[in-house]
Amino acid sequence: KTLLSIAIDGPAGAGKSTVAKKIAKKLNLEYIDTGAMYRAFTLKVLENGLDPKNENEVLSLLENTEIIFLNNHIYLDGKIVDEEIRNNSVSKNVSYVSSYSEVRKKMVELQQEMAKKNNVIMDGRDIGTVVLPNASYKFFITAQPEERGKRRYMELIEKGETDIILADIIDDINKRDKIDSTRKESPLRIPDDAIVIDSTNLTVDEVVDLIIELIKGVN
Ligand code: C5P
């Protein structure tokens with residue numbers, strides 16, 4: 001049987017995961033949050049008191065780590081860590097951890113395995129370029145940095161965080177994008193055959209509907 005795969009790439013805070021989750025529900029696809037996988041491993045690095053900028057230290061943990069994304073939950077060594085992976089220290093350090101080729105190799109293999117078993121919608125930075133170069137559909141969702149910062153800020157406020165500053169969040173997002181798009185190993189870039197969607201002035205549902213229309217239209 002042929003499997004359907006939708007690749008969604010883009011910078012931090014563009015709304016990829018919110019959009020991808022909704023499309024997964026509407027089209028009955030398995031949603032895979034690849035960022036959550038890199039975040040989970042980063043959480044483990046920090047919990048073990050290791051330095052995310054020290055490649056050897058980070059890699060020493062890799063072999064004995066089990067990361068599974070299943071049914072909208074991220075499992076680190078058998079434990080659900082959905083909440084923990086969103087904390088600030090993980091967000092600040094994940095781009096270092098995810099820049100190492102051995103780390104990426106392991107995650108990409110896991111992601112490709114999942115796409116072999118199910119119809120998937122996967123979001124990340126290298127999905128259309130590296131993980132699923134033959135994806136049925138590729139989208140690149142972006143938005144202006146200030147808007148992406150505001151969205152992240154509102155997310156955190158809604159979660160009950162109080163001591164956060166919008167300017168800091170925009171700063172973090174810009175830093176992360178810079179590291180992600182300038183790294184040697186599969187940097188964030190627009191796949192040649194992707195459709196680019198600028199969501200700055202679009203609601204989540206508008207982006208969802210646009211993607212579903214585009215998929216139906218191309219069919
Ligand atoms: O998607 P999210 O913002 O949660 O991703 C967190 C980080 O994980 C990114 O900033 C990037 O460093 C890394 N990442 C990656 N490749 C992916 C997904 C995420 O390098 N496919």
Side-chain angles (χ1 to χ4, degrees), residues 5-21 24 31-46 52-53 55 58 62 65 67-69 72-74 76 81-115 120-133 135 138-143 145 147-156 159 169-191 194 199:
S5 55
I6 303 177
I8 310 252
D9 289 302
K16 301 182 299 294
S17 65
T18 315
V19 163
K21 258 183 242 165
Y31 167 60
I32 297 160
D33 180 348
T34 66
M37 298 171 68
Y38 290 97
R39 283 171 178 273
F41 185 51
T42 304
L43 177 68
K44 181 164 177 175
V45 168
L46 295 171
K53 292 187 191 173
E55 182 168 5
V58 170
L62 193 60
T65 300
I67 287 173
I68 299 173
F69 192 88
N72 291 314
H73 293 296
I74 180 74
L76 170 62
V81 288
D82 297 346
E83 306 262 312
E84 294 90 327
I85 61 161
R86 302 290 156 199
N87 79 35
N88 224 343
S89 55
V90 172
S91 297
K92 279 190 194 295
N93 287 294
V94 61
S95 288
Y96 302 112
V97 173
S98 68
S99 69
Y100 306 134
S101 68
E102 289 299 304
V103 173
R104 305 205 65 80
K105 199 170 146 227
K106 173 163 173 150
M107 302 300 173
V108 169
E109 273 174 21
L110 291 169
Q111 292 152 10
Q112 289 174 335
E113 279 306 309
M114 294 187 259
V120 295
I121 182 164
M122 216 178 260
D123 84 319
R125 304 293 187 288
D126 60 341
I127 310 305
T129 52
V130 175
V131 181
L132 305 173
K138 297 182 187 178
F139 297 94
F140 190 90
I141 305 181
T142 183
E147 176 63 23
R148 293 191 276 119
K150 271 188 220 157
R151 289 178 190 173
R152 266 289 145 89
Y153 179 79
M154 290 312 296
E155 259 175 39
L156 294 169
K159 267 199 236 158
I169 293 184
I170 295 177
D171 197 50
D172 282 351
I173 282 182
N174 284 333
K175 274 195 192 127
R176 198 136 61 85
D177 288 345
K178 177 136 192 248
I179 302 175
D180 291 345
S181 49
T182 56
R183 70 184 176 214
K184 259 212 314 258
E185 290 296 325
S186 37
L188 168 68
R189 65 172 186 81
I190 304 175
S199 73

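Indexing begins at 1, ligand by ligand and atom by atom, following the structure's order. All values derive from a computational prediction rather than experimental measurement. In what follows, every heavy atom counts, from backbone to side chain, and hydrogens, waters and symmetry copies are set aside.
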Please work out, at 4.0 Å between heavy atoms, whether the side chain, the backbone, both, or neither of Ala12 comes within that distance of ligand 1. neither
Looking only at protein heavy atoms, identify the closest one to atom 6 (C) of ligand 1 and say how far it is in Å. Arg176 NH1, 3.4 Å
With a 4.5 Å cut-off on side-chain heavy atoms, are Arg86 and Lys159 touching? yes
Nearest non-hydrogen contact with atom 8 (O) of ligand 1 belongs to which option: Ile8, Val103, Val94? Val94
For atom 19 (C) of ligand 1, what's the nearest protein heavy-atom neighbour? Residue, atom name and distance, please. Gly35 CA, 3.5 Å
State which residues pass side-chain contact (heavy atoms from CB on, under 4.5 Å) with Pro145; sequence neighbours excluded, sorted by chain then number. Arg148, Asn174
Calculate, to the nearest 0.5 Å, the distance between atoms CZ and OG belonging to Phe139 and Ser199 respectively. 13.5 Å
Could you tell me if any non-hydrogen atom of Arg183 lies under 4.0 Å from any atom of ligand 1? yes
Using a heavy-atom cut-off of under 4.0 Å, does the side chain or the backbone of Arg125 touch ligand 1, or both, or neither? both
Heavy-atom check, side chain of Asp171 versus side chain of Lys175, under 4.5 Å: yes
Do Ser91 and Arg39 have a side chain donor and acceptor closer than 3.5 Å? yes
May I ask you to identify the nearest protein heavy atom to atom 10 (O) of ligand 1, giving residue, atom name and distance to one decimal place in Å? Asp180 OD2, 2.6 Å
Among the heavy atoms of Met37, does any lie under 4.0 Å from an atom of ligand 1? no
Considering residues, nucleotides and ligands other than Phe69, do more than 12 of their heavy atoms fall under 6.0 Å from its CZ? yes
Identify the protein heavy atom lying closest to atom 16 (N) of ligand 1, giving its residue, its atom name and the separation to 0.1 Å. Arg104 NH2, 3.0 Å
How close does the nearest protein non-hydrogen atom get to atom 18 (C) of ligand 1, and which residue and atom is it? Thr34 OG1, 3.3 Å
Can you tell me the protein heavy atom closest to atom 13 (C) of ligand 1 and the distance? Ser98 OG, 3.5 Å
Atom 4 (O) of ligand 1 [closest protein heavy-atom partner, distance rounded to 0.1 Å]: Arg39 NE, 2.7 Å
Note: ligand 1 atoms sitting under 4.0 Å from heavy atoms of Gly124 are 17 (C), 18 (C), 21 (N)
Is it true that Asp172 and Lys92 make a salt bridge, defined as a side-chain N closer than 4.0 Å to a carboxylate O? yes
Can I get a per-line list of side-chain donor-acceptor pairs under 3.5 Å for residues 180-188, giving both atom names and the distance, sequence neighbours left out?
unit_1: Asp180; atom_1: OD1; unit_2: Ser95; atom_2: OG; d: 2.9
unit_1: Ser181; atom_1: OG; unit_2: Asp177; atom_2: O; d: 2.5
unit_1: Thr182; atom_1: OG1; unit_2: Lys178; atom_2: O; d: 2.6
unit_1: Arg183; atom_1: NE; unit_2: Glu185; atom_2: O; d: 2.9
unit_1: Arg183; atom_1: NE; unit_2: Ser186; atom_2: O; d: 3.2
unit_1: Arg183; atom_1: NH2; unit_2: Ser186; atom_2: O; d: 2.9
unit_1: Ser186; atom_1: OG; unit_2: Arg104; atom_2: NE; d: 3.0

Below 4.5 Å, heavy atoms only, C-beta onward: do Gln112 and Val131 meet side chain to side chain? yes
Ranked by distance from atom 21 (N) of ligand 1, the top protein heavy atom is Asp126 OD1, 2.8 Å
